[in-house]
Amino acid sequence: MKILVCISNVPDTTTKITFTNDNSDFNEAGVQFVLNPYDEIALSRAIELTENGNGTVTVINVGEASTEPTIRKALAIGATDAVRINAKPTDAYFVAKQIANYAKDQSFDLILAGRESIDYNGAQVTAMLGELLDIPSVSIIKKLDVDGDKATVEREIEGGKEIITIPFPFVAGTAEGVAEWKIPNMRGIMSARTKPLAVLEAIEVKSLSKIVKFETPAPRGTVKLVDAAEPEKLIELLHSEAKVI
Amino acid sequence: MSVLVYVENAEGKFKKSIFEAVSYAKTIATQLNTSLTAISIGDVASAELENLGKYGASKVLNVNNEKLKSFINQAYASVIAEAAKKENANVVVLSNSFSGKGLAPRIGVKLDAAVISGAIELPNTDGGSFTIKRTAFSSKAFATVEVTAENKVISLTPNSYKVVEDGGSANVEVFTSENKDSDFKTIIKEIVRATDKVSLPDAELVVSAGRGLKGPENWGMIEELANLLGAATACSKPVSDADWRPHSEHVGQTGIAISPNLYIAIGISGAIQHLAGVSSSKVIVVINKDPEAPFFKVADYGIVGDAFEVVPKLIEAVKSLKANS
Ligand SMILES: Cc1cc2nc3c(=O)[nH]c(=O)nc-3n(C[C@H](O)[C@H](O)[C@H](O)COP(=O)(O)OP(=O)(O)OC[C@H]3O[C@@H](n4cnc5c(N)ncnc54)[C@H](O)[C@@H]3O)c2cc1C
Ligand SMILES: Nc1ncnc2c1ncn2[C@@H]1O[C@H](COP(=O)(O)O)[C@@H](O)[C@H]1O
């Protein structure tokens, strides 16, 4: 099997989000960047599927040179090789166009991505890639099993799940549950330094949108505490003051 | 020019989030001085379709054929894009549901449109520009996006826009599409739905519990409180990691992001990754025995106390509230 995993480089989940340049840019100062957790789980599944020499896993990132530690981490976890498209990603469409352009004549059986990037949260790249490559896309999946030239996946739906079979090639956006998290071991970390990482130039893409302003949610007022001996007062407040029940 | 809204049905019926999307799309149509058309795919009764007029759709395109009975995003995206072209629509609105997430980007590519997912407000069209607000950084921030593309696909976050009912009845028209065979490669084998429960992404009220509950055997009171309130149940990540609860209930940065009217957090500390998925809830209630728990800092109401004592009393209080109203 030949698998491509799309990986994004995002602020660590504990990051306090602030902005610069009159709130038009994310403030990267002091921020620790990591492999997007959903992409890490996608990568883990890709490695499980290709264990024992049963295929290859290429990781691809659209980003500037500063993302290379994240790419090396993916190699340390077990990816075979890596590609970086050298550009600052502007939006999901830009990213999907770059990845589709790379993947179009590489005949991957399977392309995996995360359910969403935890910075932009667009949940767009997966389905855009499917459309650009004219192949099926499925998201959000929590299970993926291979059976010959097709796969069976479990897709999340409101209040339940769908079990679907899809022939290769297709694109899938994964969430937790799809694999066991893989932690890089010493050998992985050592070999990651010498695994191939190709840097390719980006293609030109017409910009469709841009972020002009960021803001953080207004802080809530101070909490109104109700005595633990009288919890019924809380229900009363929710009913007549907050009017939510 | 016109606005098109995709109305997703759940077993033949429309949910509140769809009426929100129609109301929202109608207001955009009014802003742009044009009319609103809805498109429905699947088996929905005509009365249900005509009823969409109430929320502002003047016309409903009804696509009901055997091949399109079950949701295949690739095929549905082709139909919706085709309708958008025929209707000359340059704004397409959907609800940001699981299906909406699989559709919006594909429709966007087909229409060379900008895709704005998770919109939480009406667009601002002053002075000829088109800007729109959405959540980013797992609800830790909002981003205002300026759209330069002629066409726009907007998916609306459920529970972020009010349902407006002031229209009449919509005209229902049959719409036939020209799907190609390659749109139907995926096959849905089985759909498993827990029908007796309120689904978490749509829920207006959510009762959630964390590791403070000690073990899965203690969830009876959480379920009971949720049932009485008509709320969905949710949990923190360690709870689903330990298999006390299913992964589909896990909320937060790596779980589902929700914005219900009421979020009750019981025995949850309020870690930043948990808050990321729930902080846009309108009212937050925290029940925790530790007065220093970080969750109290972002709560509207709180009780410092033992969940095992407090929750049963809350259940009684809800019962008597219901009995008296
Ligand atoms: C990359 C990453 C992603 C993550 N994503 C998520 C996510 O999406 N969602 C998420 O929830 N977490 C996430 N986490 C985990 C998060 O950091 C916390 O560990 C987790 O939220 C804690 O869960 P908890 O509050 O249930 O448990 P704890 O932190 O153990 O808190 C239990 C709370 O219960 C209270 N308590 C104990 N007994 C009682 C009682 N009898 N009555 C009342 N209160 C009681 C305690 O005072 C305590 O505050 C993530 C972590 C990482 C590193
Ligand atoms: N810059 C990027 N480079 C490579 N893959 C990306 C990039 N951004 C997003 N992705 C992939 O697309 C998925 C969905 O991202 P998004 O559409 O931004 O929510 C992520 O989980 C990644 O797998």
Could you tell me which portion of P11(A) (side chain, backbone, both or neither) has an atom closer than 4.5 angstrom to a non-hydrogen atom of chain B? side chain
Decide, yes or no, whether a salt bridge links R220(A) with D300(B) under the criterion of side-chain N to carboxylate O below 4.0 Å. yes
Given that the side chain runs from C-beta out, which part of A242(A) has a heavy atom under 4.5 Å from chain B: side chain, backbone, both or neither? both
Between D91(A), L238(A), I140(A), which shows the greatest number of heavy-atom pairs under 4.5 Å with chain B? L238(A)
What are the two closest non-hydrogen atoms of P105(B) and A123(A), and how far apart are they? CG-O, 3.9 Å
When the 4.5 angstrom heavy-atom criterion is applied to I41(A) and chain B, the contacting part is neither
Could you name each residue pair satisfying side-chain hydrogen bond (donor to acceptor under 3.5 Å, both in side chains) that touches residues 98-107 of chain B, not counting sequence neighbours? E131(A)-R106(B), S137(A)-R106(B)
Test log, rule side chain to side chain donor-acceptor pair (under 3.5 Å), inputs Q124(A) and S117(B): CA-CA 8 Å; Q124(A) 296 184 0; S117(B) 44; 2.9 Å; yes
Determine whether F142(B) and K213(A) make a side-chain contact, defined as any pair of heavy atoms from C-beta on separated by less than 4.5 Å. no
By a 4.5 Å heavy-atom criterion (distance strictly below it), what part of F19(A) contacts chain B: side chain, backbone, both, or neither? side chain
Structural part of V285(B) lying under 4.5 Å from a heavy atom of chain A: side chain
Might you point out which heavy atoms bring M128(A) and V109(B) nearest each other, and give the distance in Å? CG-CG2, 3.8 Å
From the list T152(A), D227(A), I164(A), L132(A), the residue making the most non-hydrogen contacts under 4.5 Å with chain B is I164(A)
Minimum heavy-atom distance T15(A)-K140(B), with the two atoms named: O-NZ, 3.1 Å
Quick one, I157(A) and R193(B) - any side-chain contact, counting heavy atoms below 4.5 Å? yes
Are any non-hydrogen side-chain atoms of R155(A) and F71(B) less than 4.5 angstrom apart? yes
Chain A contact via S320(B) - side chain, backbone, both or neither, heavy atoms under 4.5 Å: neither
Taking atom NZ as the centre, does K210(A) end up with more than 12 heavy-atom neighbours from other residues, nucleotides or ligands that are less than 6.0 angstrom away? no
Looking only at N261(B), N73(B), I287(B), the option with the highest number of non-hydrogen pairs under 4.5 Å against chain A is N73(B)
So, do Y120(A) and F137(B) have ring centers that fall under 6.0 Å from each other? no
Test item: K297(B) side-chain N/O and T222(A) main-chain N/O as donor-acceptor pair under 3.5 Å: no
Taking only Lys NZ, Arg NE, NH1 and NH2, and the carboxylate oxygens of Asp or Glu, determine whether K313(B) and E230(A) approach each other closer than 4.0 Å. no
Interchain contact, A299(B) with chain A, by part (heavy-atom threshold 4.5 Å): both
Would you say Y38(A)'s side chain and T254(B)'s backbone share a donor-acceptor pair under 3.5 angstrom? yes
Minimal heavy-atom distance between I235(A) and A317(B), with the atoms involved, is CG1-CB, 3.7 Å
Which answer fits L205(B), side chain, backbone, both or neither, if we ask what part of it has an atom under 4.5 Å from a heavy atom of chain A? side chain
With a 4.5 Å heavy-atom cut-off, do F296(B) and L225(A) have their side chains touching? yes
Contacting moiety of K237(B), where chain A heavy atoms sit under 4.5 Å: side chain
Do you know which of A114(B), S155(B), P291(B) has the most heavy-atom pairs under 4.5 Å to chain A? A114(B)
Who among D183(B), V147(B), L321(B) has the most heavy-atom pairs with chain A under 4.5 Å? L321(B)
Need one label for N96(B): side chain, backbone, both or neither, based on atoms under 4.5 Å from any heavy atom in chain A. neither
Which region of L200(B), side chain (C-beta onward) or backbone (N, CA, C, O), has a non-hydrogen atom less than 4.5 Å from a non-hydrogen atom of chain A, or is it both or neither? neither
Which atom names give the shortest non-hydrogen contact between A136(B) and N121(A), and what distance separates them? C-OD1, 3.3 Å
Minimal non-hydrogen separation, P136(A) against T186(B), with atom names: CB-CG2, 3.6 Å
Hey, does E232(A) have a side-chain heavy atom less than 4.5 Å from the side chain of E316(B)? no
Quick check on I118(A) against chain B: is it the side chain, the backbone, both or neither that has a heavy atom closer than 4.5 Å? both
Does R115(A) reach the side chain of F98(B), with side-chain heavy atoms less than 4.5 Å apart? yes
Name the member of T165(A), V244(A), I166(A) that forms the most heavy-atom pairs with chain B at distances under 4.5 Å. T165(A)
Under a 4.5 Å cutoff for heavy-atom pairs, which residue among S139(B), A141(B), P260(B), A231(B) has the most contacts with chain A? A141(B)
Option that, when pairs with chain A are counted at under 4.5 Å, heavy atom only, ranks first among A75(B), A149(B), G305(B): A149(B)
My understanding is that only residues two or more places apart in sequence, or in another chain, count here; which of them pass side chain to side chain donor-acceptor pair (under 3.5 Å) with E146(B)? none
Between the side chain of T13(A) and the main-chain N/O of Q273(B), is any donor-acceptor distance below 3.5 Å? no
K97(A), NZ atom: more than 12 neighbouring heavy atoms under 6.0 Å: no
Taking the side chain as every heavy atom from C-beta outward, state whether E176(A) and H250(B) have any pair of such atoms under 4.5 Å apart. yes
If the threshold is 4.0 Å, N to carboxylate O, is there a salt bridge linking D134(A) and K180(B)? yes
In terms of heavy-atom contacts, does NZ of K16(A) have more than 12 from other residues, nucleotides or ligands at under 6.0 Å? no
Show your working on side-chain contact (heavy atoms from CB on, under 4.5 Å) between T144(B) and I211(A) and close with a plain yes or no. CA-CA 6 Å; T144(B) 301; I211(A) 294 176; over 6 Å; no
Side chain, backbone, both or neither: which part of A229(A) has a heavy atom under 4.5 Å from chain B? backbone
Would you mind checking which part of S279(B) comes under 4.5 Å of any heavy atom in chain A, side chain (CB onward), backbone (N, CA, C, O), both or neither? backbone
